[in-house]
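Below is one structure, written out as structure tokens; comments come after it.
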Amino acid sequence: MSKGNTIAVAAASGQLGAAIVQATIDIVGAENVVGLARTLAKAASLGVEVRPGDYAKRDPLTKSLEGVDTLLLVSGMDTPDKRIDLHRNVIEAAKAAGVSKIVYTSIQGAEAGTSFSPIVQSNRQTEQDIRNSGLQWVIGRNGIYIEPDVEYIESYKQRGEIANCAGDAKCGYTSRPELAYAYARMLTEPKHDGHTYDLHGTSITQQQLADYLNLAFGTHLTYRSMSVAKYREERIAELGEFLGTIIAGIYEGIRGGAADSESHFAQAAGRPHQNWEAYFSQLARDNH
């Protein structure tokens with residue numbers, strides 16, 4: 001990288017944003033990384049300069065992006081129509097500030113036919129907006145995070161099972177540290193410009209996930225397949241209408257094969273994705 005290239009990471013106080021900040025520091029040094037956060041105090045421990053980064057406030061964003069060469073845009077959390085507009089704010093602020101490249105963390109998933117599809121479509125619209133921005137761009141489509149299943153282990157233990165509507169379809173999971181490693185390279189290596197990458201590890205079934213969790217935690221979980229309607233009802237009861245409907249839609253997408261695409265992780269990261277045996281073996285060691 002040439003000297004003076006500053007990289008800004010949006011949503012730097014979030015788990016993915018914070019991980020990408022650290023992975024990028026490893027390549028270019030803390031002095032060349034800026035964190036953008038809605039609440040500055042939440043990003044204070046990152047060890048980089050932190051600037052205001054509220055997607056809804058274009059003028060402060062433009063100011064925060066002055067002197068920035070490359071921007072990592074993390075997908076915002078909101079209803080689909082609002083997200084499109086929030087992301088457009090960031091793209092316009094980047095253009096006004098003279099940013100030359102945007103890297104976007106998008107998602108995989110069914111583009112039609114599930115209750116998660118409107119969110120996938122809103123991401124596809126942002127991808128299009130970025131491609132049409134006149135800036136250099138790289139788009140990553142993240143697989144499904146493995147961490148929530150690991151963090152859910154106590155609930156799984158109580159139930160003795162994993163139960164959802166994915167059936168025996170495969171899902172391309174990933175982890176935040178692996179994504180961070182890939183995005184740091186997409187931010188700093190020009191060879192990725194103009195590429196769209198599906199980012200995940202080896203695709204596995206829910207039964208395989210149960211087997212891996214058993215390996216890591218000494219549990220005896222089984223997998224039980226449910227109907228989409230029944231699973232949606234259960235999720236809504238536990239998580240409320242908005243989140244419950246989205247989660248059910250994600251698993252409905254898995255069931256339909258939308259989470260089992262070819263991974264481009266090795267092209268993006270310059271090395272293969274960590275394999276699940278290694279990931280869960282490490283968890284097993286951490287638990288003993």
Side-chain angles (χ1 to χ4, degrees), residues 7 9 11-12 14-28 33 46 72 74-75 103-109 123 138-154 156 162 164 166 168-189 191-192 195-219 221 223 250-251 253-254 257-288:
I7 296 169
V9 177
Q15 289 175 293
L16 180 61
I20 293 171
V21 166
Q22 297 311 322
T24 307
I25 287 171
D26 289 345
I27 299 176
V28 300
V33 181
L46 290 173
L72 180 96
V74 174
S75 271
V103 180
Y104 176 47
T105 73
S106 191
I107 46 174
Q108 297 173 37
N123 275 55
V138 194
I139 291 162
R141 292 178 175 170
N142 299 347
I144 292 173
Y145 295 156
I146 199 88
E147 287 93 343
D149 280 291
V150 173
E151 290 155 10
Y152 209 64
I153 190 66
E154 290 309 319
Y156 287 148
I162 296 175
N164 57 46
D168 56 9
K170 288 187 168 180
C171 175
Y173 286 98
T174 186
S175 70
R176 291 188 189 98
E178 289 297 277
L179 287 174
Y181 187 92
Y183 277 109
R185 274 126 198 101
M186 290 153 70
L187 284 164
T188 55
E189 296 169 359
K191 67 181 179 185
H192 304 295
H195 287 272
T196 302
Y197 294 130
D198 281 353
L199 301 173
H200 56 269
T202 304
S203 297
I204 58 173
T205 64
Q206 296 298 298
Q207 183 58 59
Q208 286 174 297
L209 175 63
D211 293 342
Y212 279 127
L213 288 167
N214 291 337
L215 164 82
F217 295 101
T219 45
L221 304 175
Y223 173 65
I250 291 172
Y251 281 91
I254 297 171
D260 185 20
S261 59
E262 181 193 349
S263 176
H264 311 117
F265 186 90
Q267 287 119 284
R271 65 155 171 80
H273 193 286
Q274 183 182 28
N275 70 57
W276 296 121
E277 285 81 4
Y279 178 86
F280 284 98
S281 297
Q282 183 60 53
L283 274 185
R285 286 194 292 276
D286 293 346
N287 284 310
H288 293 314

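The analysis underlying the following values was restricted to heavy atoms, covering all of them including side chains, and did not include hydrogens, waters or symmetry mates.
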Minimum-distance pair of heavy atoms, taken over all atoms of S203 and A259: OG-O, 4.3 Å
Test item: I162 and Y152 side chains (from C-beta on) under 4.5 Å apart, heavy atoms: no
Under 3.5 Å: donor-acceptor pair, side chain of H195, backbone of M186: no
Y279 side chain reached by V150 side chain, heavy atoms, under 4.5 Å: yes
Atom pair OH (Y156) and OG1 (T219), whose distance is rounded to the nearest 0.5 Å: 11.0 Å
Heavy-atom closest contact (V9 atom, A12 atom, distance): O-CB, 3.5 Å
Side-chain touch S75/I107, heavy atoms, less than 4.5 angstrom: no
Separation between CG of L199 and NE2 of H264, rounded to the nearest 0.5 Å: 9.0 Å
Heavy-atom pair with the smallest gap, counting every atom of G143 and Q108: N-NE2, 3.4 Å
Side-chain heavy atoms of I27 within contact of R185, under 4.5 Å: yes
From OG1 (T174) to CD (E147), nearest 0.5 Å: 8.0 Å
E151, CD: over 12 other non-hydrogen atoms inside 6.0 angstrom: yes
Taking every non-hydrogen atom, the tightest pair across Y197 and A268: CD1-CB, 3.6 Å
From CA spacing to verdict: side-chain contact (heavy atoms from CB on, under 4.5 Å), Y223, L209: CA-CA 9 Å; Y223 173 65; L209 175 63; over 6 Å; no
Non-hydrogen side-chain atoms of R141 and T196 separated by less than 4.5 Å: yes
Euclidean distance, Q267 CD relative to H192 NE2, rounded to 0.5 Å: 9.5 Å
Pairwise distance OG1(T188) to CD1(I7) - rounded to 0.5 angstrom: 6.0 Å
OH on Y212 to CZ on F217, rounded to 0.5 Å: 14.5 Å
Chi angles and distances behind the side-chain contact (heavy atoms from CB on, under 4.5 Å) call for L72, T105: CA-CA 8 Å; L72 180 96; T105 73; 4.1 Å; yes
Any side-chain donor near an acceptor of the partner, S263 and D198, under 3.5 Å: no
Any side-chain heavy-atom pair of I146 and Q274 under 4.5 Å: no
Expected list for residues 15-26: side-chain donor-acceptor pairs under 3.5 angstrom, two or more places apart:
| unit_1 | atom_1 | unit_2 | atom_2 | d |
| --- | --- | --- | --- | --- |
| Q15 | OE1 | R176 | NH2 | 3.3 |
| Q22 | NE2 | L46 | O | 3.2 |
| T24 | OG1 | I20 | O | 2.7 |

Worked check of side-chain contact (heavy atoms from CB on, under 4.5 Å) between Y145 and L179: CA-CA 9 Å; Y145 295 156; L179 287 174; 3.4 Å; yes
From CA spacing to verdict: side-chain contact (heavy atoms from CB on, under 4.5 Å), T202, H273: CA-CA 8 Å; T202 304; H273 193 286; over 6 Å; no
Test item: Q206 and Y251 side chains (from C-beta on) under 4.5 Å apart, heavy atoms: yes
Student check: side-chain heavy atoms of W276 and Y173 closer than 4.5 Å: yes
